[in-house]
Amino acid sequence: MTALLRYQAAILLRSHRWIFPLIAYGLLIAVGAAGSSSLAQTLDWSGAMLVPITAFLTRAMLTAEPDAARACVAAAAGGPARVQLATLIIPLGGGALLGLAGVVFDVLTAEAAAAPGSGGLAAKVTAVAQHPGIVAGGLLIALVCLLVGSAAGALCNPPLLRHPAAAMLSTLAAIILGLAADVSPASAAIGHAGAQATGPLAAHWPGAGALLGAVCVVAVTWGISVAAATRRDNWSASSG
Amino acid sequence: MRADMRGDMRLVAVGKRYGIRRPWVVRGFSAGLPPGRLVRVTGPNGSGKSTLLRVVAGVSRPSAGQVTGRPHCGYVPERFPGGLPFSGREYLLHLARVHGLRGDASAAAVDEWLGRLGAASYADQPVRSMSKGMGQKMALAQALLPSPGLLVLDEAWTGLDSAARGALDAAVTERVAAGGTVLFVDHDPARLAGLEDERWDFGSPGQVTVLAGPAPVAVLPSVVPAAPRPQLVTIRLEAADAAAAVERVRAIDGIRVISVDAAGTAGTAQEPGR
C-alpha cells in the first residue's frame, strides 16, 4: 500500500494537477482573511473553502491516470480496490496539508484580537497560544469540510460519473449542496460555529453530529467508488 | 494478494457483464489454470477476449462466479497510452515497488528487463513522448520484472520490433518452464505456435470453448447455468491421448466423469453450485 500511495502521490505531484487547487485555495483564504472580523471567523471560512478544493483535488487525481496504466497497477497491487483507495487517500492528504497551511496563514495574518495593537508575528502566535481552543475548533471544522469535499469528489467523478461535463457539473452541484444544504455535515459544522457566542476570543466548534456525519458520508461514498472501480474496466465516457 | 497456497488457480462459472441490462460478455466459464500452463485465447475482435483476460488478471471482478488461487500477476494491456508524468525508468521503479520488490532488487530488475527488451537507450525519456513500441516495452517490463506466477498478455506483441518480439517469446517460455501460468491473445496464429497447452476460443457471444492441446482435441461446452440439478455434458474426443484428456477433465473440481466408452466419448456431470 505504501508503494501504491507513493506512486499515486508522484502522479499528482509530477502532473502539476495540484497547482490550480493550491492557487485557488490561496486566493480564497486571502479573501476570507481580509473580510473576517475575528480569527475564529477566518478559520470557519478557510475550513469551508476546503470543500471545493478537496473535491477538485480528488477529481484531478481520479482523472490523472489512463485506463491501461491503471489496469497494470491494479494487477500489480492485487486488485483495483487498493488502487482506488490510494487514489482517494492522496487528495485527502493533499487537502489536509492545504488546510493546515491555511490555519497557519490565518493565525499569522489575523488581527491579534487578544492583544490589539501589537503587530509582531511572535505576539500573534503567543496570543493564539493563550487561546488554543480557537485553533483546535478551526481544525475540527476544517476536518469536517475536508471529508465532505472528498466525498463530493469521490461521488461525482470516475468511475461513478465518467462523462467529463456531467462529472464537472455534478461536482460543482455537490460542492454547493455540501456548503449550503442543511443536511450537509459541512454546513452544519459552520452553521453550528456561527450560532455560538461571537466574542472575539470565543472558539468555534463544529457539532459532534457534524463530525460523525462527515465520517459516515466519506465511508459511504468511498465504499461506492471503490466498489465501482472493481467492476468497471473503461473509465472514459465514450466506451461502454 | 501474493502467491496463493490454497492450490491451483481456477475460474469457477465466471461471468462478466457491464451492467444488469447489458449482455453477458462471458458467461458460466470454468477452467483450471495450473502452474506451467500456456493458454492461447482466440476469437474475433470484440468477442470478449480482453474482458476475460482482465478478469483472469484480477483487474476487474467477475459479475458472477469466482476466480480462486490467483498467483501474483503481471498484466500487459492491449494498448499502453503514455499519459503518465514520468520517465520510463521512474515508472518502472514505481511499478516494481508496487509489485513488492524492494530498493536494490527493483532497480536491478528494471535494468535487466530494459536490457532484455532493448529499451535501455530511451528509458529516461518521458513516457508521454514515447512511440507505441517504446510504450509497449514499458508495459511489458512492468509485467515481467517481478517474475509473476501469472502472466496475462493482451496482444502484447503489437508494435514491438522483431528483437523485442523474440525477447517476449523467450520470456513467455521461460515463465512457463519456471512453473508460471501464461495467458495470451495474439492475432498471429504463428505466435508461440505448437507451444500452447490449451486454446480458449470465443465462438458465439458469451460462450468460451476450451480446445486443449496444440492441435485441438476436445470440445467442452462451457456455459453452465445455475441449474438446480447436475448438468450432463457429453464430450467427444478425437485424439490419440484421449485417455489423458479424460483424466484432466476428471481432475476438474465439481465435475464427475460418469462413463467413458471405447470410442472415447465421456459423459461428465457438473455439480450444481460449483
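Quick caveat, the model's predicted, so the values are computed rather than measured. Just so it is clear, the values below take in all heavy atoms, side chains as well, and ignore hydrogens, waters and symmetry mates. By convention in this document, chain letters (A, B, ...) are assigned in the order of the sequence lines, proteins followed by strands, and residues within each chain are numbered from 1.
Other residues, nucleotides and ligands place more than 12 heavy atoms under 6.0 Å from the CH2 atom of B/Trp24.
For the options A/Arg6, A/Met1, A/His16, heavy-atom pairs under 4.5 Å to chain B are most numerous at A/Arg6. Of the listed residues A/Ala64, A/Gly79, A/Ala71, the one with more heavy-atom pairs under 4.5 angstrom with chain B than any other is A/Ala71. Among A/Ala74, A/Ala81, A/Ala75, the residue making the largest number of heavy-atom pairs under 4.5 Å with chain B is A/Ala75.
Residue B/Glu78: no heavy atom, backbone or side chain, is found under 4.5 Å from chain A.
Of the inter-residue distances, the one linking A/Cys72 atom SG with B/Met138 atom CE reads 12.5 Å to the nearest 0.5 angstrom.
The shortest non-hydrogen separation linking B/Val98 to A/Ala77 is CG1-CB, 3.7 Å. Minimum heavy-atom separation, B/Lys16 to A/Arg231: NZ-O, 2.9 Å. Listed here is the closest heavy atom pair of B/Val59 and A/Pro80: O-CG, 3.2 Å. In this structure, A/Ala68 and B/Arg79 approach most closely via the heavy-atom pair CB-O, 3.0 Å.
The stretch residues 108-120 of chain B participates, sequence neighbours left out, in these side chain to side chain donor-acceptor pair (under 3.5 Å) pairs: B/Arg89-B/Asp111, B/Arg116-B/Glu174.
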Inset, instruction - Verify side-chain contact (heavy atoms from CB on, under 4.5 Å) between B/Phe86 and A/Arg14, making sure each step is shown before the conclusion. - result: CA-CA 7 Å; B/Phe86 303 119; A/Arg14 298 286 297 276; 4.1 Å; yes
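Every residue two or more places apart in sequence or in another chain was checked for a ring pair (Phe, Tyr, Trp, His ring centres under 6.0 Å) with B/Phe202, and none qualifies.
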